[in-house]
Amino acid sequence: MTGGLFGLLGLTLDEASADRVVIRWKVRPELLQPAGIVHGGVYCAVVETVGSFGGSIWLGDRGTVVGVSNQTDFLRAVREGELVAVGTPVHRGRSQQLWQVEITDTEGRLVSRGQVRLQNLTAS
């Protein structure tokens with residue numbers, strides 16, 4: 001993946017399976033809000049991206065997934081360095097999935113945590 005929002009955020013996909021997705025990125029000036037910390041929207045976008053990757057892999061050729069709810073908490077201000085997001089499924093059902101994502105800094109500290117609910121769009 002290099003295009004779209006994935007490319008704009010400078011994300012790197014380290015691991016992707018139906019049970020675990022890992023994405024990392026470097027904090028850059030373009031990702032900061034006016035106070036000089038990572039913009040909360042970046043965390044929200046990464047949470048949805050991580051969940052969508054895993055959810056899509058799990059659903060496979062049965063259809064596609066779209067985010068219908070994203071709830072992300074910002075726990076620690078980050079100004080520089082690299083961040084890592086790890087997502088795992090909480091629930092995978094016939095019509096929806098729920099993925100939890102934890103984002104940590106280079107010291108392993110939790111800086112953001114979120115969950116995204118995905119709608120499974122299947123051909124019926």
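For the single chain, residues carry numbers from 1 onward in sequence order.
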Rounded distance (nearest 0.5 Å) linking atom [atom1] of [X] with atom [atom2] of [Y]:
X: Asp61; Y: Ser56; atom1: CG; atom2: OG; value: 12.0 Å
X: Glu102; Y: Thr88; atom1: CD; atom2: OG1; value: 7.5 Å
X: Gln97; Y: Ser52; atom1: CD; atom2: OG; value: 9.0 Å
X: Phe74; Y: His39; atom1: CZ; atom2: NE2; value: 8.5 Å
X: Trp99; Y: Leu118; atom1: CH2; atom2: CG; value: 8.5 Å
X: Leu5; Y: Glu48; atom1: CG; atom2: CD; value: 9.5 Å

According to a hydrophobic-cluster definition based on side-chain heavy atoms being under 4.5 Å apart (Ile, Leu, Val, Met, Phe, Trp, Tyr only), do [X] and [Y] belong together?
X: Val116; Y: Val86; result: no
X: Leu32; Y: Leu9; result: yes
X: Phe6; Y: Ile103; result: yes
X: Leu110; Y: Val27; result: no
X: Val47; Y: Trp58; result: yes

Margin query: What I want to check is whether the side chains of Arg117 and Gln71 have a donor and an acceptor closer together than 3.5 Å.
Written below: no
Which atom names give the shortest non-hydrogen contact between [X] and [Y], and what distance separates them?
X: Ile23; Y: Leu11; value: CG2-CB, 3.8 Å
X: Ala85; Y: Val46; value: CB-CG1, 3.6 Å
X: Ser112; Y: Asp73; value: OG-O, 2.8 Å
X: Gln100; Y: Val90; value: CB-CG2, 3.7 Å
X: Pro89; Y: Ala18; value: CG-O, 4.0 Å
X: Gly51; Y: Val101; value: N-CG2, 4.5 Å

Next item on the list: Let me know which of Ile37, Leu75, Leu83, Val38 forms a side chain to side chain contact (heavy atoms under 4.5 Å, CB included) with Val111.
Entry: Leu83
Margin query: Could you check whether any side-chain N or O of Asn120 sits under 3.5 Å from a backbone N or O of Gly93, counting only pairs where one atom can act as donor and the other as acceptor?
Written below: yes
Note to self: Please check: side-chain N/O of Arg109 versus main-chain N/O of Arg76, any donor-acceptor pairing under 3.5 Å?
What the structure shows: no
Note to self: Quick check: do Val21 and Leu13 have side-chain heavy atoms less than 4.5 Å from each other?
What the structure shows: yes
If you draw a 6.0 Å radius around [atom1] in [X], do more than 12 non-hydrogen atoms from other residues or ligands fall strictly inside?
X: Glu80; atom1: CD; value: no
X: Arg92; atom1: CZ; value: yes
X: Arg62; atom1: CZ; value: yes

Checklist line | Cationic tip of Arg28 above Trp25 ring, under 6.0 Å, 45° of axis | finding: no
Check: Hey, are Arg20 and Asp14 close enough for a salt bridge, meaning a charged N less than 4.0 Å from a carboxylate O?
Finding: no
